[in-house]
Asker: 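Questions regarding the structure given below will be posed in turn.
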Amino acid sequence: MTSHVHHVTVDCADAHKLGTFWAEVLGSSLADDDFPGDPEALLETPGAALLFVTVPEPKSSKNRVHFDIQPDDRTRDEEVERLLALGATLVGDHRRPNGRGWVTLADPEGNEFCVECSAGERARLTGTRLPVTADDVTSAVRLAVAAFKESPATDWHVPAGTLSWDCWETVEHLSDDLFAYAAQLGPQSPPLENEVPYHWSPRREGGPFNAIFADPAAGTAGLLQTLETSGALLAAMVRTTAPDVRSYHGFGVSDAEGFAAMGVVETLVHAHDIAGGLGIGWTPPDDLCDRVLARLFPDAPDDEDRWTVLLWSTGRADLPGRERVTSWKWRGAPLEETPQP
């Protein structure tokens, strides 16, 4: 048996005030029952839970423990400027001419913390690719659900693009894919030669073989809720699965990042199919397309329009100067490993 870190506790002069500052830094919010003047304030984020506690003693020396933060959607320098505007102060500038380095700031009570390069900046500096993450799964699913909710269509039993399934069935199939990928990572010893043995069957002849079906009585709102739930299950499994864990997939034994990338690709391309049937627009972010292409289709063309390249790679679009893809499979195995059958 072992222990785990439940909170990182920060002693301070005003728990609510300092907690509010860090909530803005980390894009989260304090607990609903925390108010100004309370002796404690709790800030829960995906990476850590911070507990701010009001104490009478003032800060007297440099922190022996500090936070290193990495911006998610902006550069290191942009994040430094944002944090300074929130009330942080500059302690030390350790940026280098080659783009590396960090900046040390202090929060409003003088606690030092460092701002590092973003993951994108690190990748460019080191010549490596950005990994596909649990957050990418969440982002892809939420973007798709938001797009579907904009559809004025009342009949979802129309063909999904060029597929033989209708839009309702394709959402169910997508939900089932995300669930199935999460399930492969679930056992203590994930299977390497077969899928976790749920029972898959079609609802009608010619329909997708699923273990997951939405209750028709719940309408499209219920259908989309099943999609969000399956996406959340996959994101949770990817986030909590160790990097060295491997599990079976028909296109090769894969790791958690591989299953995340598969879930993103399924979401993006099936959203394209469904959007075609519902008559709505759908163009996902190029950087998200680029990350899944690098992981699952490492030999894909380097054309600038990464969404079109992903559609071409999955047989859904033409690419100038290249034959249309009629049969395709992604690379399930981690890129540094020899693919297994």
Side-chain angles (χ1 to χ4, degrees), residues 46 129-148 160 163 165 169-187 190-191 195-196 198 200 208-214 223-243 245-275 282 284-298 300 306-307 310-311 313-314 316 328-335:
R129 68 177 181 86
L130 279 172
V132 183
T133 67
D135 289 340
D136 289 328
V137 175
T138 300
S139 176
V141 172
R142 288 180 177 175
L143 287 170
V145 169
F148 298 155
L163 301 183
W165 305 328
E169 291 174 323
T170 305
V171 174
E172 287 184 325
H173 166 74
L174 174 54
S175 297
D176 189 79
D177 278 342
L178 298 174
F179 167 80
Y181 297 155
Q184 286 304 116
L185 298 172
E195 295 171 339
V196 176
Y198 287 94
W200 277 273
F209 278 70
N210 293 352
I212 301 296
F213 293 96
L223 174 68
L224 296 181
Q225 194 172 58
T226 68
L227 176 55
E228 287 185 286
T229 301
S230 292
L233 289 172
L234 177 56
M237 290 307 305
V238 170
R239 185 171 284 113
T240 56
T241 298
V245 170
R246 302 289 182 268
S247 187
Y248 174 84
H249 183 273
F251 289 171
V253 171
S254 194
D255 60 353
E257 187 203 1
F259 283 106
M262 295 176 206
V264 172
V265 169
E266 294 280 5
T267 301
L268 300 187
V269 301
H270 282 314
H272 168 79
D273 301 328
I274 296 161
W282 172 247
D286 246 25
D287 60 339
L288 181 57
C289 297
D290 188 57
R291 288 196 291 280
V292 294
L293 281 166
R295 173 58 180 84
L296 296 181
F297 300 94
R306 306 309 286 159
W307 173 225
L310 182 56
L311 289 174
S313 299
T314 56
R316 288 171 166 81
W328 61 273
K329 63 186 296 185
W330 54 50
R331 178 191 168 103
L335 298 180

Asker: Does the side chain of Ser247 reach to within under 4.5 Å of the side chain of Ser254, using non-hydrogen atoms?
Answerer: no
Asker: Mind checking whether Trp307 and Trp282 have parallel, tilted or perpendicular rings, split at 30° and 60°?
Answerer: perpendicular
Asker: Do the side chains of Thr138 and Thr133 get nearer than 4.5 Å, heavy atoms only?
Answerer: no
Asker: Can you measure from CZ (Arg291) to CG (Asp286) and round to the nearest 0.5 angstrom?
Answerer: 11.0 Å
Asker: Take Asp290 and Arg129 through the test salt bridge (charged side-chain N to carboxylate O under 4.0 Å, His left out) and record every step on the way to the result.
Answerer: CA-CA 9 Å; Asp290 188 57; Arg129 68 177 181 86; over 6 Å; no
Asker: What closest approach, in Å, do Pro131 and Asp136 show between heavy atoms, and which atom pair accounts for it?
Answerer: O-OD2, 3.8 Å
Asker: Determine whether a donor-acceptor pair (N or O, by modelled atom type, separation under 3.5 Å) exists between the side chain of Glu172 and the backbone of Ala214.
Answerer: yes
Asker: Can you find a pair of side-chain heavy atoms, one from Arg246 and one from Asp255, that are under 4.5 Å apart?
Answerer: yes
Asker: Rounded to the nearest 0.5 Å, how far does CZ of Arg295 lie from CE of Met262?
Answerer: 6.5 Å
Asker: I'd like to know if the side chain of Thr241 and the backbone of Met237 have a donor-acceptor N/O pair within less than 3.5 Å.
Answerer: yes
Asker: Give, for atom CH2 of Trp200 and atom CG of Asn210, the distance between the pair rounded to the nearest 0.5 Å.
Answerer: 9.5 Å
Asker: For Phe259, check ring-ring contact (aromatic ring centres under 6.0 Å, His included) against everything at least two apart and list the hits.
Answerer: Tyr181
Asker: For Tyr198 versus Ala211, what's the shortest heavy-atom pair and its separation?
Answerer: CB-CB, 4.3 Å
Asker: Give the ring-plane orientation class for Trp328 versus Phe297, where under 30° counts as parallel, over 60° as perpendicular and anything between as tilted.
Answerer: tilted
Asker: If I take atom CD from residue Glu169 and atom CD1 from residue Ile274, how far apart are they, to the nearest 0.5 angstrom?
Answerer: 11.0 Å
Asker: Please check: side-chain N/O of Arg316 versus main-chain N/O of Ser313, any donor-acceptor pairing under 3.5 Å?
Answerer: no
Asker: Tell me whether Glu228 at atom CD has more than 12 heavy atoms from other residues, nucleotides or ligands lying less than 6.0 Å away.
Answerer: yes
Asker: Looking at Thr170, Asp176, Asp177, which hits side chain to side chain donor-acceptor pair (under 3.5 Å) with His173?
Answerer: Asp177
Asker: Rounded to the nearest 0.5 Å, what's the gap from CD on Glu266 to OG1 on Thr314? Could you check?
Answerer: 9.5 Å
Asker: At what distance, to the nearest 0.5 angstrom, does CG of Leu174 lie from CG of Leu223?
Answerer: 9.5 Å
Asker: May I ask you to check whether over 12 heavy atoms, not counting those of Arg239, lie within 6.0 Å of atom CZ?
Answerer: yes
Asker: Could you tell me if the side chain of Gln184 sits less than 4.5 Å from the side chain of Val196, heavy atoms only?
Answerer: yes
